[in-house]
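Before any comments, here is the structure.
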Amino acid sequence: MLLFKLFPSLLLSAILNIGGGLLAAAGQYSDASTAIDGKPFPPLIKATLEDLVSGLESGLFTSVDLVKAYTSRILEVNSTLKMVTELNTDALLIAAEADALRAEGTVLSPLHGIPILLKNNIATMDAMPNTAGSYALLGVKVPEDSTMAAKLRKAGAILLGKTNLSQWANFRSYNTSNGWSAWGGQTEGAYYPGQDPSGSSSGSGVASSLGLALACLGTETDGSIVSPSNVNNLVGIKPTVGLTSRYLVVGISERQDTIGPMARTVKDAAYILAAIAGQDPNDNYTSAIPFSATPDYVAACNYHALKGKRIGVPRNVFDITGFEEQYGPIVAAFNASLDTIRAAGAEVVDDIYLEGYDAIANATFEQVVLMADIVKNLASYLSELAVNPNNLTSLSDVQEFTQNFTLEEWPERDTGIWEDALALDYGNESPEFWSNYTADLYYGGLLGITGALTNLSLDALVVPTTFASTLPAIIGAPIVTVPLGKYPENTTVVPNAFGNLNNTAPNIPFGVSFLGEHWSEEKLIGFAYAFEQRTKVRNTIQPYIQPQTELVDIVNKRVTEGSGRAEIKI
Ligand SMILES: *[C@@H]1O[C@H](CO)[C@@H](O)[C@H](O)[C@H]1NC(C)=O
Ligand SMILES: *[C@@H]1O[C@H](CO)[C@@H](O)[C@H](O)[C@H]1NC(C)=O
Ligand SMILES: *[C@@H]1O[C@H](CO)[C@@H](O)[C@H](O)[C@H]1NC(C)=O
Ligand SMILES: *[C@@H]1O[C@H](CO)[C@@H](O)[C@H](O)[C@H]1NC(C)=O
Ligand SMILES: *[C@@H]1O[C@H](CO)[C@@H](O)[C@H](O)[C@H]1NC(C)=O
Ligand SMILES: *[C@@H]1O[C@H](CO)[C@@H](O)[C@H](O)[C@H]1NC(C)=O
Ligand SMILES: *[C@@H]1O[C@H](CO)[C@@H](O)[C@H](O)[C@H]1NC(C)=O
Ligand SMILES: *[C@@H]1O[C@H](CO)[C@@H](O)[C@H](O)[C@H]1NC(C)=O
Ligand SMILES: *[C@@H]1O[C@H](CO)[C@@H](O)[C@H](O)[C@H]1NC(C)=O
Ligand SMILES: *[C@@H]1O[C@H](CO)[C@@H](O)[C@H](O)[C@H]1NC(C)=O
Ligand SMILES: *[C@@H]1O[C@H](CO)[C@@H](O)[C@H](O)[C@H]1NC(C)=O
Ligand SMILES: CC(=O)N[C@H]1CO[C@H](CO)[C@@H](O)[C@@H]1O
């Protein structure tokens with residue numbers, strides 16, 4: 001995370017992170033155990049949106065079946081992995097409504113009747129708490145759905161539940177663990193026993209990877225979507241700040257926070273981004289969106305998207321000198337990925353140097369910005385609440401509550417970030433604040449991402465995801481990460497700093513990230529898709545633990561019980 005400076009040449013976000021045409025389902029899956037009368041059901045750990053839509057359209061299964069199957073899968077693994085904090089008690093009802101609408105020919109969008117999980121800092125106006133993982137926010141009620149929840153509902157999606165997270169999106173403590181919250185317990189990754197799930201969208205990463213919903217939403221301030229996507233074998237889209245509304249999302253920084261999809265395929269992520277992007281009068285950063293109609297992110301999934309493009313490799317951003325054992329396998333796989341990018345028709349411009357990266361590596365501009373922002377932005381969130389049982393109005397109220405409440409595990413997990421934020425004697429409108437913020441924009445922009453793209457006529461930069469987040473974070477620019485590989489069998493198991501998780505271990509996945517200019521998601525999605533389709537790494541990496549319930553079990557049970565025979569067209 002950015003606030004520690006343990007490693008000279010690596011930003012700490014490398015270690016901790018804050019903040020169409022439908023496929024025919026038939027014949028695609030060969031496992032007979034997932035078929036009824038010869039009609040195969042998509043295994044849920046692999047099922048794409050198009051697979052699910054195809055099954056819903058043909059009547060192979062219903063949205064009610066989907067909710068039941070995902071719920072059962074969640075309950076199978078949650079006691080070990082603690083990735084889901086609560087289920088939506090209305091989900092079955094909502095699914096039945098979606099099924100009824102579909103039966104009468106009304107389909108609201110490709111996400112109609114599709115279950116999605118939300119990180120537990122994205123508020124919903126229903127029975128589910130929105131705690132950011134803290135008892136301080138238990139019992140809180142929001143005046144309406146967050147814009148993200150409202151947009152998904154409008155698209156017909158089923159909000160299945162909430163995912164665990166690094167508490168307060170990892171902006172509380174200098175010595176906590178990724179994926180831990182007082183409310184949700186310790187999330188673990190599924191690729192090695194006790195795997196550090198990264199964060200802060202930890203539960204979203206684990207749940208999406210195991211097929212516990214179609215996909216999840218995460219939030220990112222610096223790394224919190226791309227890093228858990230990285231180690232959980234996922235595609236993650238960190239949108240440009242302002243592309244997705246933060247209204248009624250518990251935030252850190254108006255300048256850096258953004259919300260995006262964490263999914264198993266680029267195209268699924270693109271479908272979800274299409275549903276959640278857009279202007280919102282309740283978040284005026286969205287008024288900077290430069291297009292009047294949202295680009296067609298799904299159509300951007302083009303096998304030839306890399307053809308004729310120039311892709312830059314800023315090697316100084318991932319100089320692993322001194323850390324070869326820990327990061328060598330990642331850089332080796334990354335090096336090999338450049339051949340894939342070349343084979344896809346792109347020109348790789350290797351070894352470019354981002355002066356701005358070295359300039360910020362030991363600087364504190366970003367932490368000053370986040371600390372000044374959280375004081376104002378958290379108070380602003382608290383002021384929106386319709387019910388606020390602990391009468392919290394400020395960061396210092398939250399700090400006091402936390403320090404008094406045993407289950408918040410203070411002081412074992414400190415509140416040092418808040419202490420430092422509260423000690424700033426200026427706010428986010430002061431000259432000191434602005435000089436730090438403009439330093440971020442200068443080093444991350446002209447001397448960083450945007451400078452390199454312009455000076456060298458590049459279409460994007462590519463870096464191992466482990467090192468991708470910070471420059472985009474400080475200028476609010478987008479990232480798309482896609483699976484690249486995994487740690488080999490002979491990897492030495494290394495625990496996290498807190499001592500309760502395995503941070504590096506065999507089989508833990510990692511990804512590669514495409515970085516671009518603000519609002520360039522359409523381009524980056526295309527590049528990620530072209531890479532994914534040529535490599536298909538995700539399905540080569542198997543979790544050590546996964547749930548067994550499949551759609552076929554739910555449908556068989558329904559048929560046996562005789563309740564749904566007439567509805568099934570198989
Ligand atoms: C998942 O496990 C956590 C930790 O035990 C618990 O807090 C939570 O209620 C569980 N979620 C569900 C949906 O059962
Ligand atoms: C970490 O891995 C070691 C070695 O496989 C294992 O013994 C240990 O239980 C794991 N840690 C956790 C928290 O599961
Ligand atoms: C954006 O919204 C904030 C808070 O609602 C307000 O203080 C600010 O003036 C608005 N800015 C613009 C440019 O409208
Ligand atoms: C990756 O490629 C760079 C540039 O060619 C080279 O310097 C580096 O040693 C390679 N790293 C690994 C781990 O293969
Ligand atoms: C950051 O500081 C460390 C320790 O003082 C130094 O070794 C390193 O070179 C610096 N990094 C950069 C990129 O300036
Ligand atoms: C919050 O304020 C209300 C109204 O002033 C009061 O009744 C209640 O006891 C307060 N709650 C806490 C936890 O302080
Ligand atoms: C926290 O504990 C202190 C000392 O016991 C007490 O003065 C204060 O009122 C408590 N605050 C809350 C929010 O409970
Ligand atoms: C975390 O830091 C606090 C305050 O410095 C300290 O009291 C606590 O022991 C630390 N916890 C761990 C697990 O090191
Ligand atoms: C950034 O904040 C620091 C600490 O508050 C302040 O001393 C400095 O002048 C600010 N500006 C820059 C560019 O560092
Ligand atoms: C881009 O060019 C400008 C103007 O010459 C220069 O100041 C900047 O350092 C360059 N940026 C990068 C990343 O090369
Ligand atoms: C693992 O095996 C590879 C290939 O044989 C070797 O290069 C590497 O050094 C080994 N790593 C460890 C940690 O032993
Ligand atoms: C709501 C709930 O059940 N919270 C639990 C989350 O996990 C922690 C640690 O496992 C428990 O202490 C909480 O009770």
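Note that the numbering runs from 1 along the sequence shown for the chain. When a ligand or atom number is given, it counts from 1 through the structure's own listing order.
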Q | With sequence neighbours excluded, residues passing side chain to side chain contact (heavy atoms under 4.5 Å, CB included) with T454 | A | none
Q: Could you tell me which residues satisfy salt bridge (charged side-chain N to carboxylate O under 4.0 Å, His left out) with E489, sequence neighbours excluded, listed by chain and number?
A: none
Q: Give the atoms of ligand 10, by number and element, whose distance to some non-hydrogen atom of G448 is under 4.0 Å.
A: 13 (C)
Q. Any non-hydrogen atom of G356 lying under 4.0 Å from ligand 10?
A. no
Q.
Exactly one of S200, S181, S134 should register a side-chain contact (heavy atoms from CB on, under 4.5 Å) with W168. Which one does?
A. S134
Q. N/O of L446 under 3.5 Å from N/O of ligand 10, yes or no?
A. yes
Q.
At under 4.0 Å between heavy atoms, is it the side chain or the backbone of R315 that contacts ligand 4, or both, or neither?
A. side chain
**Q.** Nearest-0.5 Å distance, CD of residue Q533 to OG1 of residue T340
**A.** 13.0 Å
Q.
I'd like the contact residues of ligand 2, where contact means a heavy atom below 4.0 Å.
A. Y192, P193, G194, V493, N500, N502
Q) Is it the case that E521 and T240 place a side-chain donor and acceptor less than 3.5 Å from each other? A) yes
Q | N or O contact, N335 vs ligand 4, cut-off under 3.5 Å | A | yes
Q: Determine whether the side chain, the backbone, both or neither of N455 has a heavy atom under 4.0 Å from any heavy atom of ligand 10.
A: side chain
Q | Non-hydrogen atoms of N507 and Y191 that approach each other most closely | A | ND2-O, 3.0 Å
Q) Does a donor on one side chain sit under 3.5 Å from an acceptor on the other, for D358 and Y353? A) yes
Distance-only check: which donor-acceptor pairs under 3.5 Å involve side-chain atoms of residues 438-447, not counting sequence neighbours?
residue : atom : partner : partner atom : Å
T438    : OG1  : W434    : O            : 2.8
T438    : OG1  : S435    : O            : 3.2

Q: Using a strict 4.0 Å cut-off to heavy atoms of L447, name the atoms of ligand 10 that fall inside it.
A: 9 (O), 13 (C)
**Q.** Distance-only donor-acceptor check, side chains N164 and T85, under 3.5 Å
**A.** no
